[in-house]
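Letters A, B, ... are given to chains in the order of the sequence lines, protein chains preceding strands, and every chain is numbered from 1.
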Amino acid sequence: MAQTMNLKMFYFAFVALAVIGVGAIWMARGGGGEPVEVGPVPVNASAFPGYVMGSDSAPVEIVEYADFGCSACAYFAVLTGTDMKNRLVNAGRVRWRFRDFVGPSHPNSLDAHLAAACAGEQGQFWAMHDQIMFNQQRWARDRRPDRAFRDYAAAIGIDVSQFDNCVDEQRPIPQLQASRQEGIDIGISATPSFVIGGRLHVGAMSYDSLVVLVERAEAAARQ
Amino acid sequence: MKHRMVIAVLSLAGFFVSLYLWLWKVGFLGTIACGDGGCETVQLSEYAEFFGFSVAFLGMVGYMVLMAVSLAGLQPHWAARREPTLLLVALAGIGVIFSAYLTYLEAAVIHAWCRWCIVSAVLIVAIFVVGATALIRARTSNIQHPTSNTHP
């Protein structure tokens, strides 16, 4: 009898703890540490400025530092990127600037950035960006990732022989190195990182969290 | 029985720690409460993936299994048997080895400390210690009173 009572009390306490845990996680949405002020991101006119989507007159610029090999970057691209493009960039509220930040540790990452940059030479960076991010699982640990990237090049309709030539010559390497160095200079140490309205945010985020940050940046821009 | 209750509670805590890290990683949580940025560095490193799975996600699954076994071990059918405790110790042992490997990576390879990962490491060690202690006590009790009690 006493044991049954003990068990009942335990279950009650266990469920109470579970409810508290769920509540704490729920409360943590959008909470946590404060973003770091980094000021405007310097865009060196003589250096490669990254890939830009959206209107020059958009009041807010989101600068994303990403590594195609990082899983959190792919999560962001898949779960948030599409909404951001359709609902913020296309609506003229946001300009999205993508900066390559190739880390040393993700296998095949450099090949992916080369592929995207080579597609960029033919004006199709964003189409290749989507292919690479949405299919990360396919190429990230493949011994021959170049085959996947060639497939993507063909799928997005660019000249594959010109693409191959660019990849073989590794023409975009200097711009990739410069982009990474500029990131390091403003304090980027992990990907994805975002500079929104002069504040650095580290890690992927939901569309709802992103909108809050964009609204703050819009309000700051109006002042 | 008590040790299984303790393990269930510790597993629940570990589950929420892993859930928090995983939700942050997939972008559900805005920023992570970590202090010095070590969690971001660790969670966004290549070592936060293990055979294509997020380590935080694996942690969630691991703690859920521990929780399920410990709760099942409280049911009348299993309460007096030692198998659930053996299974808990074996599973927690795997968790301890994996946590030791991750802690080594933090210290020697990534050179950053994720506080939530350390909390998780402490929890899995605690689960292992609680389970192992229960097994040892049961064994000692069996040796001293071979006919009075055959179960932990």
Side-chain angles (χ1 to χ4, degrees), chain A residues 3-4 6-7 9-11 13-15 17-18 20-22 24-36 67 69-81 103-107 109 136-137 140-141 187 189-193 201-210 212-213, chain B residues 1-2 4-6 8-57 67 70-71 74-76 79-80 105 109-112 115-116:
Chain A
Q3 201 169 13
T4 310
N6 277 345
L7 209 51
M9 283 176 65
F10 164 76
Y11 285 136
F14 189 81
V15 170
L17 282 173
I20 290 169
V22 170
I25 295 272
W26 188 256
M27 297 282 283
R29 291 171 74 227
E34 282 298 306
V36 180
D67 181 330
C70 112
S71 55
C73 300
Y75 288 138
F76 177 79
V78 173
L79 299 175
T80 307
S105 53
H106 296 295
S109 181
Q136 191 192 65
Q137 288 289 327
R141 294 193 180 273
S189 62
T191 56
S193 288
H201 303 266
V202 183
M205 62 182 90
S206 66
Y207 177 75
D208 290 345
S209 302
L210 184 73
V212 171
L213 299 174
Chain B
M1 281 274 276
K2 248 184 198 167
R4 291 178 194 164
M5 293 181 186
V6 173
V9 170
L10 291 173
S11 303
L12 182 66
F15 171 78
F16 280 119
V17 169
S18 303
L19 178 67
Y20 179 65
L21 289 173
W22 183 71
L23 287 176
W24 176 78
K25 185 153 188 184
V26 299
F28 184 75
L29 304 176
T31 48
I32 193 165
C34 190
D36 62 356
C39 294
E40 288 96 332
T41 306
V42 172
Q43 288 301 313
L44 297 174
S45 75
E46 67 161 314
Y47 304 103
E49 301 283 317
F50 194 74
F51 287 107
F53 291 98
S54 160
V55 168
F57 181 78
M67 205 164 28
S70 54
L71 290 175
L74 293 172
Q75 306 311 306
L105 289 175
V109 180
I110 308 170
H111 301 294
R115 294 176 189 180
W116 291 106

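- A pairwise comparison of heavy atoms in A/L7 and B/M5 identifies CD1-CE, 3.7 Å as the closest pair.
- The minimum heavy-atom distance linking B/K25 with A/A204 is given by the pair O-CB, 3.7 Å.
- At a threshold of 4.5 Å between non-hydrogen side-chain atoms, the residues B/R4 and A/F10 do not count as touching.
- Among A/A18, A/A72, A/A190, A/C70, the residue making the largest number of heavy-atom pairs under 4.5 Å with chain B is A/A18.
- Rounding to the nearest 0.5 Å gives a distance of 9.5 Å between OG of A/S71 and CD of B/Q43.
- Heavy-atom distances place no part of A/V78 under 4.5 Å from chain B, backbone and side chain included.
- Proximity to chain B involves both the backbone and the side chain of A/F14, based on heavy atoms less than 4.5 angstrom apart.
- From A/I25, atom CD1 reaches atom CG of B/L23 across 6.0 Å, with rounding to the nearest 0.5 Å.
- The part of A/L79 that comes within reach of chain B is its side chain, from C-beta onward, which places non-hydrogen atoms under 4.5 angstrom from that chain.
- Contact annotation for B/L74: both backbone and side-chain heavy atoms come within less than 4.5 Å of a heavy atom of chain A.
- Using a 4.5 Å cut-off between heavy atoms, A/Y207 makes no contact with chain B at all.
- The minimum heavy-atom distance between A/Y11 and B/L71, with the atom names listed, is CE2-CD2, 4.2 Å.
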